[in-house]
Amino acid sequence: MEPFGDVMENLLSLDLDHILSRTENLWPDVRGERFFLTGGTGFVGTWLMESLLWANRRLHLRISATLLTRNPAAFEHRSPHLACDPAVTLIAGDATSFAFPKASFPLIVHAATDAAHPSSVFGCDVAATGRVLEFASRSGLRRLLFTSSGVVYGKQPAGMTHIPEDYPGAPLTTDLNSAYAQAKRASEFLCLSAGQACGFDVCVARLFAFAGPYLPLDANFAVGNFIRDVLAGGPVRISGDGTPYRSYLYAADLAIWLWTILLRGQSRRVYNVGSEEAITIAALAARVTSALRSKSAISVAQQSRPGIPAQRYIPSTVRARTELGLEQTVLLDEAIRRTAAWNTVVGQALPPASFACAGGSR
């Protein structure tokens, strides 16, 4: 069998070369620098690691990346080509209580989050941000990127097609299902105020919805669920009534946007990150079957109720486009095809459970 790392690089090389071509002007400014990342083993963090290490090797940047993870062994098993890269150091620990590395880190990406446990997510997320900021104040930090979420806006008004960053809406404090959104709002405030007090630059990226390799197909992401259903032979199941509007930015574009925001974004500035192409969930299901040339039936669990405006979760990205020159470069149909192709192949390429880095975790 072809080595696992080679398989992953072959599958992602088109995307990684594309990311590099769009970010090549950024990297000379951070040659030889140290990066510290939380959340580097999730969907967003993995794409940041893939693209950072790709640029490091191609441009001989001598960058090093220290990655905080609760389970280094699991990361080594899933992504040995990242975990075992000589530029990477893994630190075992939780973002709320990790031991501070002794080295200085001019660049920090705080992408750790846990939306899976609503009862504790607020306290854990805010505590993790506080811990990262305490570390930042001692680490020689120059620039911090905090990955927030579009959920901080609360319910999008029916008459608003795209949410701008200056929209003052917020989730209701009486909505006890809004712990994740409330945590992101509080963490944004903590990051921005710490940057002002301690003299380092802070940029906030409010993330919306995405597609691409590494996206879980068994989580609460409609595009991933629909791709899973098609790959399984159908039917494609819509759990609601199909009327909500969403938009999907491809993972390679996500990485381009985040690196640009970290290294070129205006300090104490918030940027929406996502696609402006709105599509209903029902139309998305049809789009997935069409893009993958599937004849799978589409089933809708609920009937829509007349007179009720469709829910929307669509960003305005005017700020990112006008200030940073960012754009969506991979359209939805191609994003769907690449996500499906990855998931068709990757299951056959997984390494044996006994795989470990030479010398163990670093």
Side-chain angles (χ1 to χ4, degrees), residues 43 115-116 118 149-163 169 171-172 175-181 207-251 253-254 272-317 328 330-344 346-347:
F43 171 71
S149 170
V151 299
V152 301
Y153 296 112
K155 186 177 180 181
Q156 184 172 343
M160 179 184 288
T161 61
H162 297 77
I163 308 175
L172 296 173
D175 178 6
L176 299 184
N177 293 317
S178 68
Y180 176 71
L207 310 187
F208 281 73
F210 305 95
Y214 293 117
L215 183 77
L217 301 189
D218 57 353
N220 190 31
F221 306 113
V223 67
N225 295 166
F226 297 161
I227 291 171
R228 174 203 62 201
D229 291 346
V230 166
L231 295 180
V236 176
R237 296 181 174 87
I238 299 172
S239 59
D241 63 9
T243 62
Y245 283 86
R246 298 291 184 268
S247 64
Y248 297 90
L249 188 70
Y250 186 60
D253 282 333
L254 168 64
N272 285 339
V273 177
S275 168
E276 290 194 346
E277 182 190 352
I279 184 171
T280 66
I281 295 297
L284 175 66
R287 193 83 163 261
V288 169
T289 59
S290 174
L292 300 183
R293 299 183 179 181
S294 169
K295 296 182 179 180
S296 297
I298 298 172
S299 66
V300 183
Q302 302 174 15
Q303 294 292 322
S304 60
R305 292 181 289 174
I308 297 179
Q311 295 180 358
R312 300 181 68 88
Y313 184 62
I314 312 294
S316 166
T317 60
Q328 180 177 355
V330 179
L331 300 182
L332 181 57
D333 287 352
E334 182 63 17
I336 292 167
R337 285 190 286 267
R338 293 189 194 182
T339 306
W342 163 273
N343 283 283
T344 300
V346 73

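For clarity, every value in this text was computed on a predicted model and none was experimentally measured.
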Between OG1 on residue T317 and NE2 on residue H162, distance to nearest 0.5 Å: 8.0 Å
Spacing of CD1 belonging to I227 relative to CH2 belonging to W342, to within rounding of 0.5 Å: 13.5 Å
Beyond-backbone contact of Q311 with T243, side-chain heavy atoms, under 4.5 angstrom: no
Under 3.5 Å: donor-acceptor pair, side chain of Q328, backbone of V330: yes
Heavy-atom donor-acceptor pair, Q156 side chain to M160 backbone, under 3.5 Å: yes
Flag, side chain of T344 to backbone of A340, donor-acceptor distance under 3.5 Å: yes
Gap between atom CD of E276 and atom CG of L249 - 0.5 Å precision: 10.5 Å
Spatial distance of atom OG1 (T339) from atom CG (L217) [nearest 0.5 Å]: 8.5 Å
Validation row: Y250, R338 side chains within 4.5 angstrom (heavy atoms): yes
Salt-bridge criterion met for E277 and R246 (N-O under 4.0 Å): no
Non-hydrogen atoms of P171 and S178 that approach each other most closely: CB-CB, 3.9 Å
Over all atoms of both residues, closest heavy-atom pair of F43 and G212: CE1-O, 4.0 Å
Over all atoms of both residues, closest heavy-atom pair of G274 and F210: CA-CE2, 4.5 Å
Taking every non-hydrogen atom, the tightest pair across G240 and V300: O-CG1, 3.4 Å
Sub-4.5 Å side-chain heavy-atom contact between R237 and N225: no
Greater than 12 external heavy atoms within 6.0 Å of Y245's OH: no
Sub-4.5 Å side-chain heavy-atom contact between L207 and L254: yes
T161 backbone acceptor or donor facing R312 side chain under 3.5 Å: yes
Donor-acceptor contact below 3.5 Å, side chain D241 vs main chain A301: no
Which atom of A222 lies closest to which atom of L284, heavy atoms considered: CB-CD2, 4.2 Å
F221 side chain reached by P216 side chain, heavy atoms, under 4.5 Å: yes
Between CD1 on residue I163 and CZ on residue F208, distance to nearest 0.5 Å: 4.5 Å
Atom pair OG/CD1 of S290 and I336 - distance to nearest 0.5 Å: 8.5 Å
S296 to T289 - nearest heavy-atom pair and separation: O-CG2, 4.1 Å
Salt-bridge present (R287, D333; N to O < 4.0 Å): yes
Derivation and outcome, side-chain contact (heavy atoms from CB on, under 4.5 Å), residues N272 and Y153: CA-CA 11 Å; N272 285 339; Y153 296 112; 2.7 Å; yes
